[in-house]
Number of protein chains: 4
Amino acid sequence: MDADARSARHPGRPRRAATDAAIVRAAVELMTKGGVQATTLTAVAKRAGVARATVYLRWPTRSALIGAAARAAVGGQVLPLTGNVEQDIRGGAGFIQRVFERASTPAMLPEIVRGVLANPPEISFEAVAPRRREFARLYRAGAEAAGLDPTVDPHLAFDILLGTAIAHLLANGRPMAEAEAEKLAEVIIAGLRVPRPA
Amino acid sequence: MDADARSARHPGRPRRAATDAAIVRAAVELMTKGGVQATTLTAVAKRAGVARATVYLRWPTRSALIGAAARAAVGGQVLPLTGNVEQDIRGGAGFIQRVFERASTPAMLPEIVRGVLANPPEISFEAVAPRRREFARLYRAGAEAAGLDPTVDPHLAFDILLGTAIAHLLANGRPMAEAEAEKLAEVIIAGLRVPRPA
Amino acid sequence: MDADARSARHPGRPRRAATDAAIVRAAVELMTKGGVQATTLTAVAKRAGVARATVYLRWPTRSALIGAAARAAVGGQVLPLTGNVEQDIRGGAGFIQRVFERASTPAMLPEIVRGVLANPPEISFEAVAPRRREFARLYRAGAEAAGLDPTVDPHLAFDILLGTAIAHLLANGRPMAEAEAEKLAEVIIAGLRVPRPA
Amino acid sequence: MDADARSARHPGRPRRAATDAAIVRAAVELMTKGGVQATTLTAVAKRAGVARATVYLRWPTRSALIGAAARAAVGGQVLPLTGNVEQDIRGGAGFIQRVFERASTPAMLPEIVRGVLANPPEISFEAVAPRRREFARLYRAGAEAAGLDPTVDPHLAFDILLGTAIAHLLANGRPMAEAEAEKLAEVIIAGLRVPRPA
DNA sequence: TCCTAACCGAGACGGTACGTCCCGTCTTTCA
DNA sequence: TGAAAGACGGGACGTACCGTCTCGGTTAGGA
């Protein structure tokens with residue numbers, strides 16, 4: 001959509017692309033440091049070295065900006081998938097574990113939850129977990145061959161991985177360790193494995 | 001300590017106990033209907049039939065009140081535990097599924113996440129998931145006898161149950177269905193079962 | 001009226017007379033130190049070592065209490081009058097000058113003005129300047145004999161004395177000095193003297 | 001300095017000049033109708049058709065606004081002075097009498113007294129009686145030529161005029177009549193006249 | 001000597017104003 | 001047109017105070 005915006009020749013002075021990035025970066029930093037309530041539009045604008053009105057030229061609402069910041073902070077990396085289901089579960093565990101270890105993820109999580117559950121939604125869950133759908137497609141396609149239960153909801157493995165990371169963070173105040181993530185992957189794989197005929 | 005507080009006769013006019021409940025109830029209702037942003041102190045006080053200042057006599061802050069409402073709405077029910085680990089995992093799945101089906105839980109979830117991750121924390125996770133600790137104790141005590149992996153983090157089963165419920169809600173916008181929760185319990189149990197000697 | 005209150009035998013525990021005085025004294029002190037806005041009922045009660053409700057047993061309103069304090073602080077002394085008009089003008093100047101020199105008078109003045117001009121009046125001007133009426137009576141009776149203008153408003157001399165003290169305080173932030181008061185009295189007397197036949 | 005402020009182009013949207021006036025007018029009207037206690041910021045803002053925050057952009061405090069209103073209501077008119085001392089005393093009496101006859105003056109008086117005597121002062125007396133200083137200068141310059149006592153405090157005539165108007169208002173609840181003011185001027189002039197050589 | 005009405009301290013409570021802060025919009029000037 | 005700056009309407013927040021009320025405990029004086 002950036003391409004669209006650029007190709008449609010607008011008259012007048014063009015927007016500085018760097019400004020967008022500076023604003024989002026400022027928002028992420030403020031969220032990380034002080035949470036949502038510290039992420040005032042005034043504060044964001046000041047930190048980005050930009051006028052408040054300039055922010056409103058790009059995002060219609062504070063919520064929209066915070067949503068953009070959340071996406072940028074969390075949905076930026078893309079989980080690599082291979083099609084080998086077992087390997088993808090293990091890889092997914094490691095990926096999610098690393099994402100949660102970055103300070104911005106716990107900082108953004110409350111806003112993501114709020115935005116996703118808002119009515120109407122302010123953040124699309126797809127935007128923050130862009131590979132969930134693909135993960136399910138690959139599970140559907142490759143589970144049986146890998147000896148995993150093909151009757152189960154194909155999103156289940158992904159949801160367990162992500163959900164457990166969230167629950168662990170909430171319960172302990174810190175993200176899962178690498179070893180815990182690996183163990184989790186093993187439990188999921190074992191749980192989904194179809195019982196071998198005796 | 002309630003006993004102490006009650007026995008130590010405080011001077012002055014005593015607080016009306018009903019007021020506490022009315023305020024929390026009003027807060028929960030407003031949260032459920034309109035989310036956090038609709039849960040104005042003015043609105044809560046009005047709905048509870050109480051002066052705004054009266055609310056501040058009991059909770060120092062809007063956040064504190066919302067935290068109390070969240071605890072009341074979600075931590076109110078207590079997961080029954082038997083000591084039979086397999087049965088408790090299945091029961092836990094059903095319990096969590098039912099809790100998430102009540103409208104107040106999705107409504108409160110964003111605030112719970114915010115409050116638990118806030119710095120300093122405004123909500124103790126124990127308060128909203130009071131049986132997690134006991135669940136882990138029972139797992140530690142009974143896993144081996146039940147043929148489940150005793151080397152794994154004893155909280156793991158609980159965290160998977162709760163976390164998956166959260167992830168499912170975020171991904172689909174609606175809570176897990178009963179059948180899904182049952183399937184989840186089976187996967188967890190199978191995943192934790194120690195490989196039987198061939 | 002105190003006598004009335006005492007003679008009408010009230011049942012129950014009688015009021016401690018000292019409490020009234022302590023409350024008024026506290027009010028005057030607070031007014032003198034911090035002005036009206038510092039004279040909170042809470043502060044007065046605390047300083048008097050008394051419960052807030054106790055104050056309301058004696059005065060129906062904060063305004064009423066402040067009015068009482070004003071009367072006590074300013075109307076306490078009574079201007080001595082002799083009937084010799086010239087002498088009473090000079091004496092009045094000195095008296096007013098001394099009253100304004102006490103710190104409580106400038107402190108109370110704003111409240112007195114407010115209370116006297118309030119609608120309905122909360123303070124009767126008679127209560128703070130109890131001898132104005134008598135002064136006028138004596139002027140009416142003795143002016144001609146003293147060679148002073150009998151056709152003028154008999155309150156005029158008193159009003160000039162008091163008013164000039166107020167204006168001087170407002171303009172300079174400090175009360176009139178003794179010499180200034182004496183000079184003022186001379187000007188008034190000279191101004192009121194009927195022109196001697198050439 | 002207004003010129004400076006105007007020439008030094010301030011960035012941003014300029015303040016609407018009409019708003020200042022509307023707020024002050026609303027404050028004066030409310031004071032006149034209901035006294036200080038009716039002059040709520042909310043009421044002022046509402047009557048001026050302005051947001052409460054807008055008022056706070058111009059005056060830091062309710063007191064400051066009320067002070068401004070007092071100045072505007074009372075200090076607005078300027079006593080015309082001629083340099084002819086006798087004539088100026090008579091003119092001053094009439095002027096003050098007319099100022100006190102306007103309903104806003106008695107309404108504002110308590111606040112003026114409070115503000116002038118506050119510590120620190122919130123209203124400068126110069127602002128409400130801007131010609132007192134000039135009056136004294138002219139008296140000092142012209143008293144002797146006019147046959148008036150040059151040794152007396154040159155502010156005295158003015159202070160008597162203003163003070164007597166205040167005292168009269170306090171004592172009677174209504175301002176001096178025109179005839180009374182004229183008589184007062186005559187008494188002052190006679191009182192200040194140096195005794196003619198026999 | 002006991003009863004009883006009133007006093008008194010303490011603090012809850014409804015109500016309301018204050019002053020601060022933020023949002024989203026607007027109106028200016030300058031590039 | 002973009003962008004900086006800041007005014008503006010609107011509204012919530014947390015604090016403070018008023019005047020009323022409701023407790024518990026105390027204290028004088030009459031029965």
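Reminder, nothing fancy here: chain letters follow the sequence lines and each chain counts from 1.
- Considering only the side chain of C:A53, F:dC21 comes nearest among F:dC21, E:dG14, E:dA12.
- With distances taken from any side-chain atom of B:A51 to the nucleotides E:dC8, E:dG14, E:dC13, the minimum falls on E:dG14.
- As rounded to whole Å, 11 Å separates atom P of E:dA12 from atom CZ of C:R52.
- Spacing between atom CD1 of D:I66 and atom P of E:dA17 amounts to 13 Å, rounded to whole angstrom units.
- Between B:P110 and A:V113, the closest side-chain pair of non-hydrogen atoms falls below 4.5 Å.
- Here B:R62 reaches the OP1 or OP2 of F:dC13: one of its side-chain N or O atoms lies under 4.0 Å away.
- For B:L57, whose side chain is taken as the heavy atoms from C-beta onward, the closest listed nucleotide among E:dC7, E:dC13, F:dA7 is E:dC13.
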(request) Report the C-alpha distance between B:V28 and B:M108 in whole Å, list the side-chain angles of each, state the deciding distance to 0.1 Å, and finish with yes or no for side-chain contact (heavy atoms from CB on, under 4.5 Å). (result) CA-CA 8 Å; B:V28 171; B:M108 289 290 180; 3.7 Å; yes

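- With contacts defined as side-chain heavy-atom distances shorter than 4.5 Å, the pair A:E29/A:R47 qualifies.
- Residues from residues 19-48 of chain B lying near DNA chain F, meaning a heavy-atom separation below 4.0 Å, are B:T40, B:L41, B:T42 in numerical order.
- Within the 3.5 Å criterion, the main-chain N or O of C:A127 finds a donor-acceptor partner in the side chain of C:S124.
- For the pair C:Y56 OH and F:dC21 P, the computed distance is 12 Å after rounding to whole Å.
- For the pair A:R58 and F:dA3, the criterion of a side-chain N or O lying under 4.0 Å from OP1 or OP2 is met.
- Taking the side chain of C:T61 as heavy atoms from C-beta on, and the options E:dA10, F:dG19, F:dA5, the nearest nucleotide is F:dG19.
- A close approach under 4.0 Å does not occur between any side-chain nitrogen or oxygen of D:R13 and OP1 or OP2 of E:dC26.
- OP1 or OP2 of F:dG9 lies within a sub-4.0 Å distance of a side-chain N or O belonging to D:T54.
- Here E:dC18 presents its P atom at 10 Å from CG of D:L65, a figure rounded to the nearest Å.
- The residue among D:G49 and B:G12 whose nearest nucleotide of DNA chain F is located toward the 5' end is D:G49.
- Counting only heavy atoms from C-beta outward, the side chains of B:T42 and B:K46 never approach each other to under 4.5 Å.
- Not one N or O on the side chain of A:R114 forms a donor-acceptor pair closer than 3.5 Å with the backbone of B:V36.
- At a threshold of 4.5 Å between non-hydrogen side-chain atoms, the residues D:W59 and D:L41 do not count as touching.
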